[in-house]
Amino acid sequence: MQTCPISNLPITSKHNWKSVPAGEDYVKRLDLIGDNIFHHYVESDHPITLNSMSIDLVNKVLEESGIKDSPLYLLWDMNNIGNISYQYKQGINNIVYGSGLDFKVVVFYNIDESCRIIIETFAAMAPNTMTVLLRDDYADAMTSLIEYQSGKAPEMPAEQEVDEEDTMKNEFLATIARISWLNMLNQKIFLPTVEDPFYPYFKAIDHMQEDLKARDESHEKEMQHLKTESDQKLSQKIIQLNAQVELGKKEIQRFEQEKAALKSRIAAQEMELTRISTAVGEKASTLHMICDQIRNLDIEQPDKQKILEQCHNMIETELTEKRLKTELTVGDSEFLSKLQKKHPNLNQRELRVSLMVKLNYDTREIARSIGISTRGMESIRYRMHRKLNLDKHKSIKTYLSELAAEMV
């Protein structure tokens with residue numbers, strides 16, 4: 001019996017563990033390494049196109065080797081494979097989403113550049129329960145697979161930032177695969193912000209999906225009388241459902257990541273608010289001491305009263321600022337985020353004014369908080385009224401209250 005030179009595991013190879021596609025001049029083979037590692041390769045002396053896949057060969061090896069209820073691992077030798085047809089991609093979908101086989105790790109190696117993007121696309125749309133790796137040669141592929149099988153595979157730290165370009169590339173490839181390979185024409189297309197450089201590409205996919213959906217609906221009307229397609233459509237729906245479940249898991253994962261980031265941001269803001277509150281308290285205490293010292297000064301009473309009024313105004317301004325900072329809740333942060341997304345033309349001072357208006361501060365308190373006169377505050381409110389595109393009979397306060405109510 002042969003032994004794998006990398007893992008030292010025994011290799012089981014039988015003469016009937018092969019498949020010869022009709023009309024083709026190559027042979028597909030499947031060996032078993034150890035207890036649950038499949039090794040798939042083709043025998044050919046020239047580059048070929050994989051045109052069809054059948055699960056029969058996999059089931060034959062499972063049955064004759066006695067493997068039951070065991071996680072499966074697959075080494076896929078891409079030597080002499082120059083292209084993969086649409087029919088073969090459909091076969092991959094059937095194994096991944098419709099066969100019930102539990103493939104934990106799939107490792108491709110000896111990949112020709114002509115079909116690398118196809119393999120990268122498959123890796124991007126694979127379920128979260130399956131790890132797909134691309135390696136240079138057999139030794140590298142087997143080493144990586146053994147590491148994952150033994151649980152020693154390297155893990156990315158949770159706090160490490162994921163490269164945005166790679167993330168967008170994988171999302172783009174996965175979206176294309178779900179449309180092209182799985183015919184998922186009703187999936188929700190992830191769209192980045194309009195300012196994002198990747199926006200045009202995802203928007204183009206969105207339009208393409210709508211066009212394909214319209215064409216598909218027209219085709220369905222013409223083919224309704226063909227009952228023979230019912231079984232095929234049912235199978236396709238099952239595959240789509242499984243893929244949609246995986247898509248939902250990825251959406252949940254993305255939401256949890258955003259939730260964790262928001263929690264971290266809120267914690268940092270709470271620390272900053274504590275610092276500001278302490279500083280404001282110290283300033284107010286100092287101003288009170290100054291007021292006491294002023295009262296004991298031997299100066300004219302009108303002058304003394306004028307200085308004391310200015311000092312009290314400064315104390316009131318500090319306390320107003322403190323109330324604003326300490327009252328900033330998670331709901332207020334969400335309100336500001338929604339307002340900024342809906343009206344990106346508002347600057348930071350106008351956003352702050354909007355929040356104070358929402359919190360029922362009057363014009364005088366807002367003017368003191370941002371360090372301007374009451375007249376200057378009226379000018380800001382006039383400009384904000386125009387930026388918010390409000391009717392002349394609708395107040396800023398009413399509009400902001402309605403916007404906050406939508407979030408409840």
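Leu50 is listed as a side-chain neighbour of Val42, based on a closest heavy-atom distance under 4.5 Å. When side chains are defined from C-beta on, Ile111 does not count as touching Arg135, because their heavy atoms never get closer than 4.5 Å. For the pair Arg364 and Met377, the minimum side-chain heavy-atom distance is 4.5 Å or more. Counting heavy atoms from C-beta outward, Val106 and Thr131 have side chains that stay 4.5 Å or more apart. Residues Pro127 and Tyr97 form a side-chain contact, since some pair of their non-hydrogen atoms from C-beta on lies under 4.5 Å apart. Two residues are said to be in side-chain contact when any heavy atoms from C-beta on lie closer than 4.5 Å; Val353 and Thr363 fail this criterion. Side chains of Leu101 and Leu62 form a contact here, defined as non-hydrogen atoms less than 4.5 Å apart. A heavy-atom distance below 4.5 Å is not found between the side chains of Asn94 and Ile55.
To the nearest 0.5 angstrom, Ser65 atom OG is 12.5 Å from Lys60 atom NZ. To the nearest 0.5 Å, atom CD of residue Glu220 and atom CZ of residue Arg215 are 12.0 Å apart. Interatomic distance, Ile11 CD1 to Ile33 CD1, rounded to the nearest 0.5 Å: 5.0 Å. For the atom pair Met384 CE and Asn347 CG, the distance stands at 8.5 Å (nearest 0.5 Å). In this structure, CE in Met142 is found 10.0 Å from CG in Asn8, a value given to the nearest 0.5 Å. We find the NZ-CG distance between Lys14 and Leu30 to be 12.5 Å, quoted to the nearest 0.5 Å.
Under the 4.0 Å criterion applied to side-chain N and carboxylate O atoms, Glu113 and Arg116 are assigned as salt-bridge partners. One finds no salt bridge joining Glu171 and Lys250 here, because no Lys/Arg side-chain nitrogen approaches an Asp/Glu carboxylate oxygen to under 4.0 Å. Salt-bridge annotation for Lys104 and Asp102: present, with a side-chain N of the basic residue lying under 4.0 Å from a carboxylate O of the acidic one. Taking a cutoff of 4.0 Å between a charged side-chain nitrogen and a carboxylate oxygen, Lys169 and Glu120 qualify as a salt bridge.
Side-chain polar atoms of Glu64 and Asn16 form a donor-acceptor pair below 3.5 angstrom. Defined by atom type and a distance below 3.5 Å, a donor-acceptor pair is missing between the side-chain atoms of Asn110 and Tyr41. No donor-acceptor contact under 3.5 angstrom links the side chains of Asn80 and Ser44, judged on distance only. Remark: the Glu378 side chain and the Tyr382 side chain contain no N/O donor-acceptor pair separated by less than 3.5 Å. Gln149 and Asn36 form a side-chain donor-acceptor contact under 3.5 Å, judged by distance and modelled atom types alone. Side chains of Asp112 and Ser114: a donor on one and an acceptor on the other come within 3.5 Å. A donor and an acceptor atom, one from each side chain of Asn51 and Glu24, are located under 3.5 Å apart. Between the side chains of Ser395 and Thr398, a donor-acceptor pair is found at a separation under 3.5 Å.
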Between Leu400 and Leu339, is a side-chain contact (heavy atoms from CB on, under 4.5 Å) present by the stated rule, with each step listed?
CA-CA 9 Å; Leu400 295 179; Leu339 180 62; 4.2 Å; yes

May I have the step-by-step check of salt bridge (Lys or Arg N to Asp or Glu O under 4.0 Å) for Lys394 and Glu402, ending in yes or no?
CA-CA 11 Å; Lys394 189 168 189 176; Glu402 292 174 353; 2.7 Å; yes

Using the rule given for salt bridge (Lys or Arg N to Asp or Glu O under 4.0 Å), can you reason through Lys203 versus Asp206, listing the C-alpha separation, both sets of side-chain angles and the distance that settles it, and then say yes or no?
CA-CA 5 Å; Lys203 190 61 179 177; Asp206 188 44; 3.5 Å; yes

Report the C-alpha distance between Ile176 and Met208 in whole Å, list the side-chain angles of each, state the deciding distance to 0.1 Å, and finish with yes or no for side-chain contact (heavy atoms from CB on, under 4.5 Å).
CA-CA 10 Å; Ile176 289 292; Met208 181 184 69; 4.1 Å; yes

When you look at His40 and Asp77, which way does the side-chain contact (heavy atoms from CB on, under 4.5 Å) test go after all the steps?
CA-CA 6 Å; His40 178 277; Asp77 186 355; over 6 Å; no

Please test Glu43 against Lys18 for salt bridge (Lys or Arg N to Asp or Glu O under 4.0 Å), starting from the C-alpha separation and ending with a verdict.
CA-CA 10 Å; Glu43 292 180 343; Lys18 67 179 181 180; over 6 Å; no

Could you walk me through whether Val96 and Phe122 pass the side-chain contact (heavy atoms from CB on, under 4.5 Å) check?
CA-CA 10 Å; Val96 172; Phe122 170 66; 3.8 Å; yes

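Geometric assessment of Arg254 against the ring of Phe190 yields a positive cation-pi assignment under the 6.0 Å and 45° thresholds.
Proximity of a side-chain donor or acceptor of Lys397 to a complementary backbone N or O of Val357 within less than 3.5 Å is detected. In this structure a side-chain-to-backbone donor-acceptor pair under 3.5 Å is present from Glu365 to Asp362. The closest donor-acceptor contact from the side chain of Gln209 to the backbone of Ile189 lies at 3.5 Å or more, if one exists at all. Remark: side-chain polar atoms of Ser150 are paired, donor with acceptor, to backbone N or O of Glu147 under 3.5 angstrom. Of the possible donor and acceptor atoms, none in the side chain of Thr121 sits under 3.5 Å from a partner among the backbone N and O of Leu173.
For Trp17 against Asp31, the heavy-atom pair with the smallest separation is CE3-CA, 4.5 Å. The heavy-atom pair separating Ile6 from Tyr138 by the smallest distance is CG1-CE2, 3.9 Å. Closest approach of Lys387 to Asn345, counting heavy atoms only: NZ-O, 3.2 Å. Across all their heavy atoms, Ile81 and Cys115 have their closest contact at O-SG, 3.5 Å. In plain terms, the two heavy atoms of Phe38 and Val61 that are nearest each other are CE2-CG1, 3.4 Å. Across all non-hydrogen atoms, the minimal contact from Leu32 to Gly34 is CG-O, 3.7 Å.
Within 6.0 Å of CG on Asp211 lie more than 12 heavy atoms contributed by other residues, nucleotides or ligands. Counting heavy-atom neighbours within 6.0 Å of Gln2 CD, excluding the residue itself, gives a total of 12 or less. The neighbour count for Glu256 CD, taken as heavy atoms of other residues, nucleotides or ligands under 6.0 Å away, is above 12.
Checking each of His393, His385, His343 against Tyr399 for a ring pair (Phe, Tyr, Trp, His ring centres under 6.0 Å) leaves exactly one that passes, namely His343.
The aromatic rings of Tyr201 and Phe172 sit perpendicular, their planes meeting at an angle over 60°, well past the 30° parallel limit.
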